[in-house]
Amino acid sequence: MSGEGERLAELAKRRGYFFGATEAYGGAAGFYTFGPQGAALKANVEDAWRDRFTVREGNFEIEAPTIMPEPVFEASGHLDGFDDMLVACPDCGESHRADHLLEDNTPIEDAESLPLAEVEDLVADHDIRCPTCGGDLADEAVTQFNLMFETNIGPGSSTPGYLRPETAQGIFVEFPRIKEYARNSLPFGVTQIGRAYRNEISPRKSIVRTREFTQAELEQFVDPERDDPHLDSVADVEVTLYPATEQHDDGGEYVETTVGEAVAAGTIGDPWIGYFVGIAQEWYETLGVDMDRFRFRQHLAGERAHYAADCWDAESEVDGDWIEIAGFAYRGDYDLSKHADHADDDFTIFREFDEPRDVERAVVDPDMSVLGPEYGSEAADVASALEELADRNPAAFDGETVTVSVGGETRTVDTDVAGFRIEERTINGEHITPHVIEPSFGVDRTVYTLLAHAYNEDEVDDETRTYLSLSPTVAPTDVGVFPLVSNVPELVDRAEAIVDDLRRAGFSVTHDDSGSIGRRYRRQDEVGTPFCVTVDRDGLEGDGPDTVTVRERDSGRQVRLPVESLSTELDAVMDGDTSFDGLVAAYDAVTTDAGS
RNA sequence: GCGCCAGUGGUCCAGUGGUAGGACAGUGGCUUCCCAAGCCACUAGCCCGGGUUCAAUUCCCGGCUGGCGCACCA
């Protein structure tokens, strides 16, 4: 079961995809460095994401800080909600969530919100036992573990800050500015690609679960009553769904359907979620994810954050496990409302009514020259009580006098002193808090999925050939260029000239003239370079224009084409405008021992 | 965090109470007109700290890192 992952990890180390960081100092769990190939692959994934989810959707990309001051996370709920209360069993050493133990064994609900000391007392009072071995937890300390990395902003510790635990937080915080940029009109989407940090208790599974990782997130801000996605554009996209209702202990059935049908049938509860699921399906496919090892899984009710109406994960199967590579959540107005409560800024959008509305409203305009002398310092309170009463019960002003209660005392005011009247006003609209649909992509996990799904082993002449069948759209190196043999100066020189030309044309090129040609092909196979160009003597000695051979990575097939057409044809094949078969048909196939 | 297992050139492994050997990879050279060929030469290693010992890569303890299981993954 771990074979695939181990072989991939080994190749990743050797070929510069990724490796444990700071190994020279013993390393630190949960941190990885992307090597030259990995960094390029990741950049290609990010670029592809940007093309699809920012540029093509007409969204706005921002780049907010990774460190933000404490109040941001008080508002977002991460300071409290990101805490785990752990208690360790003195007998068997198991650590358990103290709040969960209380909730499971007592009528107490939401134990997570209780102070640490109280939880400690409650554990003792209720004689909570270790669920693993039955050990006595009464005298054990309950420790707080917050998954956020803490730091100080500036000297001293007066301004605590935290590394953001999710990339998107900056989008919510900066919403007041961004909405101005968006000219106060919904819907609009804001994206951010960047690092997020979680001090995981136990990072595992290679680069799948790390303490520092990259997310590509989109916050789609919508008017829940007016804005609909362009569902038509993805209605026919076929998807494999794994709805909550199918997720039993003994497995369940996948639902093979289309986005349009899934939304119509209510399998996917929200059309925006459906829309992004459709886009994501297509996007992953173009990246080269093996769609037979890919599904959308709906969150179970208990798994969902309390504010999320519906939530689906994109999952890929790697190394025998399903891992989450993206999440699609309908978050309602949760995030913006939280920031509105905690911050001074305005997190709403003004929505105009279709037609201005004339409304009648009861208002008061108390005569303070009367109330002031009469009630002194209490006058202002009386006035606001009148205001409140007018709004609540206009009929109270029908008589000669009106009575309000201020500070427990009854105060009677002449109606004409209160200045009661019915005001007619024209209201053009209202302030609403936009709802948010959040597609959130794990970039590192996507990279890992691409590598795992691209990993192949062939038997060639009783030898194992390892190659990464990465799609040309993401492959970190586009093309390898070699002289067929390295002791013929004309071939070496020509190859170098071609390298230069191709790099000038924008290709990522590797040049290699060491060892035999077969060895060089194998190197590029392991890196996943889609095409290799080889300069041979036949190509120089012909009567016509110079030619080179182009080899396709997965099949080993070769085609001979003129040097002048090389970069054009490579471009066409990489963009998918033509296939390698197309090249073979248009030019001369080359027969070799290995190619077929 | 807990338990089990592991840590030896770049990678994968062997081995030893007296500081190590292979395979593959890599570099330079020869050779080579199409898939890890061959020949010569070379580079490069015992995770860290403490203990036991005349002597520790080896034994013991602790740490770190990795794999698996448990827990965790808002």
Side-chain angles (χ1 to χ4, degrees), chain A residues 1-2 5-7 9-16 19-31 73 76-97 99-100 112 130-133 143 145-148 165-166 198-206 208-211 303-308 319 323-324 458 460-467 482-488 491 514-526 532 534-541 548-549 551 553 555-558 560 590-596:
Chain A
M1 168 170 142
S2 56
E6 277 166 19
R7 287 197 298 271
E10 187 265 317
L11 185 146
K13 267 188 271 192
R14 263 189 313 111
R15 291 301 182 193
F19 45 85
T22 61
E23 281 176 332
Y25 291 93
F31 296 97
F73 300 106
S76 71
H78 287 107
L79 210 51
D80 297 329
F82 227 52
D83 265 344
D84 284 343
M85 288 186 263
L86 297 179
V87 59
C89 172
D91 296 340
C92 70
E94 287 288 325
S95 277
H96 299 278
R97 288 278 298 264
D99 50 332
H100 287 182
E112 199 176 348
C130 171
T132 308
C133 72
T143 54
F145 186 78
N146 191 288
L147 259 25
M148 282 196 293
E166 60 178 13
R198 296 179 193 178
N199 202 359
E200 297 281 357
I201 297 173
S202 169
R204 285 283 170 86
K205 302 256 180 222
S206 183
V208 169
R209 215 170 124 207
T210 54
R211 290 187 164 123
E303 188 176 2
R304 225 159 44 206
H306 60 276
Y307 47 80
D319 209 17
I323 60 168
E324 173 192 350
D458 262 3
V460 179
D461 296 334
D462 291 330
E463 269 179 320
T464 304
R465 177 180 82 118
T466 303
Y467 65 101
F482 326 125
L484 182 59
V485 292
S486 50
N487 62 348
V488 178
L491 297 184
S514 149
S516 72
I517 186 68
R519 178 178 296 256
R520 286 175 258 157
Y521 285 148
R522 289 292 188 272
R523 286 189 189 123
Q524 293 312 308
D525 287 342
E526 280 198 343
C532 287
T534 301
V535 184
D536 61 357
R537 224 174 271 149
D538 293 347
L540 295 183
E541 289 172 350
V548 291
T549 62
R551 168 187 180 268
R553 174 196 58 212
S555 68
R557 290 184 304 167
Q558 284 182 288
R560 177 176 295 280
V590 178
T591 311
T592 67
D593 293 345
S596 52

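So that the names make sense, note that chain A is the first sequence line, chain B the second, and so on, each numbered from 1.
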Provide the distance between the two [atom1] atoms, one in [N] and one in [M], to the nearest whole Å.
N	M	atom1	value
G7(B)	C46(B)	C1'	10 Å
G18(B)	C59(B)	C1'	15 Å
U8(B)	C48(B)	P	11 Å
C60(B)	G17(B)	P	13 Å
A25(B)	G9(B)	C1'	11 Å
C47(B)	C35(B)	C1'	39 Å
A37(B)	C64(B)	P	43 Å
G51(B)	U43(B)	P	35 Å

Select one nucleotide: of [options], the one nearest the side-chain heavy atoms of [X].
X	options	result
Leu484(A)	C72(B), A37(B), C34(B)	C34(B)
Ser486(A)	U31(B), G67(B), C34(B)	U31(B)
Thr534(A)	C34(B), U11(B), U32(B)	C34(B)
His78(A)	C12(B), U32(B), A74(B)	A74(B)
Ser202(A)	U32(B), G1(B), C34(B)	G1(B)
Ala29(A)	C35(B), U32(B), G66(B)	G66(B)
Ile517(A)	C34(B), C73(B), U31(B)	C34(B)
Arg198(A)	C12(B), C73(B), U31(B)	C73(B)
Glu463(A)	C35(B), U11(B), A36(B)	A36(B)
Val485(A)	C73(B), U32(B), C35(B)	U32(B)

So what does [X] touch, heavy atoms closer than 4.0 Å: a base, only the sugar-phosphate, or nothing?
X	result
Ala9(A)	nothing
Thr464(A)	base
Arg14(A)	sugar-phosphate
Gly30(A)	sugar-phosphate
Glu166(A)	base
Glu526(A)	base
Asn487(A)	base
Ser76(A)	nothing

Paired with [N]: which nucleotide, if any, by Watson-Crick or G-U wobble criteria at under 3.5 Å for both distances?
N	result
A56(B)	none
A36(B)	none
G69(B)	C2(B)
C46(B)	none
A14(B)	none

Given [N], is OP1 or OP2 found less than 4.0 Å from the side-chain N or O atoms of [X]?
X	N	answer
Arg519(A)	A37(B)	yes
Lys205(A)	C73(B)	no
Arg523(A)	G26(B)	yes

Which whole-number value in Å describes the distance from [X] [atom1] to [N] [atom2]?
X	N	atom1	atom2	result
Arg209(A)	A74(B)	CZ	C1'	12 Å
Lys13(A)	A25(B)	NZ	P	18 Å
Tyr521(A)	A25(B)	OH	P	18 Å
Phe482(A)	A36(B)	CZ	P	13 Å
Arg522(A)	G26(B)	CZ	C1'	18 Å
Arg465(A)	A25(B)	CZ	P	16 Å
Glu10(A)	G66(B)	CD	P	18 Å
Leu11(A)	A25(B)	CG	C1'	12 Å

Which residue, Val548(A), Val485(A), Val488(A), forms the side chain to side chain contact (heavy atoms under 4.5 Å, CB included) with Val535(A)?
-> Val548(A)

Any side-chain heavy-atom pair of Ser514(A) and Arg523(A) under 4.5 Å = yes

Would you mind reporting whether Thr22(A) and Phe31(A) have side-chain heavy atoms less than 4.5 Å apart?
-> no

Any Lys/Arg nitrogen of Arg14(A) or Glu10(A) sitting under 4.0 Å from an Asp/Glu carboxylate oxygen of the other?
-> yes

Using a strict 4.0 Å threshold on nitrogen-to-oxygen distance, state whether Asp525(A) and Arg465(A) make a salt bridge.
-> yes

Intermediate values then yes/no, side chain to side chain contact (heavy atoms under 4.5 Å, CB included), Arg553(A) and Gln524(A) = CA-CA 8 Å; Arg553(A) 174 196 58 212; Gln524(A) 293 312 308; over 6 Å; no

Exercise: identify the closest heavy-atom pair between Ile517(A) and Pro483(A) = CD1-O, 4.3 Å

With distance as the sole criterion, do the side chain of Gln558(A) and the base of C34(B) form a donor-acceptor contact below 3.5 Å?
-> yes

Whichever of Asp525(A) and Gly27(A) has the more 5' nearest nucleotide on RNA chain B, that residue is Asp525(A)

Between Glu23(A) and Thr466(A), name the one whose nearest nucleotide on RNA chain B is closer to the 5' end.
-> Glu23(A)

Would you sort out whether Arg15(A) and Glu526(A) count as a salt bridge (charged side-chain N to carboxylate O under 4.0 Å, His left out), showing the intermediate values?
-> CA-CA 7 Å; Arg15(A) 291 301 182 193; Glu526(A) 280 198 343; 2.7 Å; yes

Under 6.0 Å from the six-membered ring centre of Tyr521(A) and within 45° of its axis: does the NZ or CZ of Arg551(A) meet both?
-> yes

